[in-house]
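Just follow the structure's listing: the first ligand is 1, and inside any ligand the first atom is 1. What you are looking at is a predicted structure, and each value in this text was computed from that prediction instead of being measured.
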Amino acid sequence: MGLVVQKYGGSSVADAEGIKRVAKRIVEAKKTGHQVVVVVSAMGDTTDELIELAEQVSPMPAGREFDMLLTAGERISMALLAMAIKNLGHQAQSFTGSQAGVITDSVHNKARIIDVTPGRIRTSIDEGNIAIVAGFQGVSQEGKNITTLGRGGSDTTAVALAAALEAEVCEIYTDVDGVFTADPRVVKKAKKIDWISFEDMLELAASGSKVLLHRCVEYARRYNIPIHVRSSFSGLQGTWVSNEPRSQSEGQQVEHAIISGVAHDVSEAKVTVVGVPDKPGEAAAIFRTIADAEINIDMVVQNVSAASTGLTDISFTLPKAEGRKAIDALERSKPAIGFESLRYDDQIAKISLVGAGMKTNPGVTAGFFEALSDAGVNIELISTSEIRISVVTRADDVNEAVRAVHTAFGLDSDSDEAVVYGGTGR
Ligand code: ADP
Ligand code: ASP
Ligand code: MG
């Protein structure tokens with residue numbers, strides 16, 4: 001029997017009962033003869049509550065102390081989980097990210113893992129313990145400061161540990177039965193996917209399907225770690241995410257599917273730089289300013305310049321959490337860049353259709369736009385990749401738009417409704 005890494009998200013350990021339920025499941029895995037390493041998130045909405053608390057003492061909390069605060073959430077759940085396991089008569093030891101050897105760069109609040117040295121974890125499991133690791137955190141190689149990996153980062157901790165420990169599988173336990181063709185909180189008729197390729201899962205995750213974090217899928221693909229996404233509340237098989245289907249039937253199912261799913265994201269905002277001189281170097285100056293502020297952007301659209309004025313508008317989307325920083329940076333560079341004004345809009349949503357079959361099936365883009373237009377949804381920005389089409393719409397339209405597209409592409413299930421076992425959807 002090999003080693004498994006199991007990750008339990010916040011909704012799975014939302015209260016004492018949840019912790020005890022998860023402890024039983026972990027002990028079951030240990031009893032089958034596996035070595036078990038568990039990565040755990042903060043209980044319920046603890047991270048959001050800690051952020052709100054920080055905002056009450058400082059308007060824009062950031063940096064070292066903010067990370068120090070947020071990592072406390074995972075420390076609470078790791079210790080409680082280890083206690084609950086011991087109470088069931090099994091040995092367990094909890095470790096912070098730093099103790100587990102999760103080494104990161106120095107970018108506070110969204111650090112990247114650069115190395116994992118899990119010596120202490122290896123020793124602990126070799127001594128017969130179940131090792132419990134606090135997700136979402138590490139320690140910076142240079143300053144030896146505590147860092148966090150960005151929201152949802154426990155998924156990445158789990159895959160990174162699975163890779164470093166050469167685990168058989170990384171199991172991601174959450175509050176739904178796997179990866180569905182759309183968020184089950186929005187589309188009751190979403191279907192569970194039995195198997196999905198890393199490629200399609202990467203696009204879904206990047207487009208806002210927060211059931212798996214984008215970086216975690218990137219990591220799993222790089223080290224070829226199969227992920228099994230499943231519910232910690234039911235005993236059902238979930239969704240396998242890997243390079244190849246594991247069986248012929250999974251392969252056939254995928255061959256028939258042109259579209260893997262519909263994703264939506266309401267965490268972005270749109271910045272429009274108004275009145276930009278239409279000459280070489282202007283876009284470069286704008287996006288250099290944003291990059292120097294360490295902000296990742298998503299979509300970019302430049303309007304046709306009005307010939308009479310020689311001015312154009314450039315819009316881009318970015319995480320809402322970075323909005324203030326982007327506006328401040330651009331305002332500071334305004335004299336050098338020479339634009340007229342800035343507009344900021346955080347009432348937008350992004351809706352994306354994802355599927356490798358898109359490459360070879362004409363009409364997908366047309367079908368997507370028709371479904372949106374039939375639902376009366378106006379499109380503000382468009383971007384595409386080989387296997388994805390995304391649009392930006394008004395935030396108010398998002399649920400209706402997702403359902404309309406899901407139905408139009410024949411993704412609605414005609415049997416069971418998707419179950420959401422817990423969580424607040426925050
Ligand atoms: P955890 O606390 O376990 O990390 P998350 O809230 O981060 O859980 O992720 C699980 C949630 O992801 C589900 O409750 C669901 O609302 C949402 N979700 C979004 N898109 C999908 C999808 N395509 N399939 C399954 N869940 C999805
Ligand atoms: N607790 C962190 C968050 O809420 C990390 C995680 O749950 O993955 O973002
Ligand atoms: Mg998550």
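Not close to ligand 1: Ser12, with no non-hydrogen atom less than 4.0 angstrom away. Contact analysis puts Gly153 in contact with ligand 2, with a non-hydrogen atom separation below 4.0 angstrom. The shell of residues lying under 4.0 angstrom from ligand 1, judged by heavy atoms, excludes Gly261. Using a 4.0 Å cutoff on heavy atoms, His264 does not count as a contact of ligand 1. The closest approach between Ser41 and ligand 1 stays at or above 4.0 Å for every heavy atom of the residue.
Considering both main-chain and side-chain atoms, Gly150 never comes within under 3.5 Å of ligand 2 through any nitrogen or oxygen pair. For a threshold of 3.5 Å applied to N or O pairs, the pair formed by Asp155 and ligand 2 contains no separation below that value. Looking at ligand 1, you'll find an N or O of Asp175 within less than 3.5 Å of one of its N or O atoms. Ligand 2 has no N or O atom lying under 3.5 Å from any N or O atom of Lys7, backbone or side chain. Between Gly10 and ligand 1, at least one pair of N/O atoms sits closer than 3.5 Å. Backbone and side-chain nitrogen or oxygen atoms of Lys210 are examined, and one is located within less than 3.5 angstrom of a nitrogen or oxygen of ligand 1. Where the criterion is an N or O separation shorter than 3.5 Å, residue side chain and backbone included, Phe180 meets it with respect to ligand 1.
Between Lys270 and Glu380, at least one side-chain N (NZ, or NE/NH1/NH2) sits under 4.0 Å from a carboxylate O, which counts as a salt bridge. A salt bridge links Asp328 and Arg324; the closest N-O separation between the charged side-chain nitrogens and carboxylate oxygens is under 4.0 Å. A salt bridge does not link Glu28 to Arg25: none of the charged nitrogens lies less than 4.0 Å from a carboxylate oxygen. Taking 4.0 Å as the cut-off between side-chain N and carboxylate O, Glu199 and Arg388 do not count as a salt-bridged pair.
Using a 3.5 Å distance cut-off with no hydrogens or angles, the side chains of Ser140 and Thr104 do not pair a donor with an acceptor.
The CD1 atom of Ile172 lies 5.5 Å from the CD1 atom of Ile227; values are rounded to the nearest 0.5 Å. To the nearest 0.5 Å, atom CE of residue Met358 and atom CZ of residue Phe368 are 8.0 Å apart. Interatomic distance, OG of Ser267 versus CG of Asp346, reported as 11.5 Å (0.5 Å rounding). Distance check, rounded to the nearest 0.5 Å: CZ of Arg215 to CD1 of Ile113 gives 8.5 Å.
Protein heavy atom nearest atom 6 (C) of ligand 2, with residue, atom name and distance: Ser154 OG, 3.3 Å. Atom 25 (C) of ligand 1 has Gly178 O, 3.3 Å as its closest protein atom, hydrogens excluded (heavy atom only). In this structure, the protein non-hydrogen atom closest to atom 4 (O) of ligand 1 is Lys7 NZ, 3.1 Å.
Set against the non-hydrogen atoms of Gly152, the atoms of ligand 2 under 4.0 Å away are 3 (C), 5 (C), 6 (C), 8 (O), 9 (O). The Val179 neighbourhood of ligand 1 comprises atoms 24 (N), with distances under 4.0 Å to a heavy atom of that residue. Per-residue contacts place Glu74 under 4.0 angstrom from the following atoms of ligand 2 (heavy atoms of the residue considered): 1 (N), 2 (C), 5 (C). Within ligand 2, the atoms closer than 4.0 Å to a non-hydrogen atom of Ser41 are 6 (C), 7 (O), 8 (O), numbered from 1 in the order shown.
Selection from Met43, Arg151, Gln137 by nearest heavy atom to atom 4 (O) of ligand 2 gives Arg151. Considering only non-hydrogen atoms, atom 17 (C) of ligand 1 lies nearest to Asp183 out of Thr174, Ile172, Asp183, Val229.
Taking the ring centre of Phe233 as origin, the terminal cationic atom of Arg21 falls inside the region bounded by 6.0 Å and 45° from the ring axis.
Both the backbone and the side chain of Val211 come within 4.0 Å of ligand 1, counting heavy atoms alone. Residue-level proximity to ligand 1 for Pro184 is carried by the side chain, the only part with a heavy atom below 4.0 angstrom.
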For Val38 and Val133, what are the C-alpha separation, side-chain angles and deciding distance, and is it a side-chain contact (heavy atoms from CB on, under 4.5 Å)? CA-CA 6 Å; Val38 175; Val133 179; over 6 Å; no
Candidate pair Lys350 and Asp298, rule side-chain contact (heavy atoms from CB on, under 4.5 Å), full reasoning: CA-CA 10 Å; Lys350 182 172 73 171; Asp298 183 13; 2.6 Å; yes
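Using the six-membered ring where Trp is involved, Trp240 and His228 have ring planes that are parallel, under 30° apart on the 30 and 60° scheme.
Of the listed residues (Lys210, Arg185, Arg230), just one forms a salt bridge (Lys or Arg N to Asp or Glu O under 4.0 Å) with Asp175, and that residue is Arg185.
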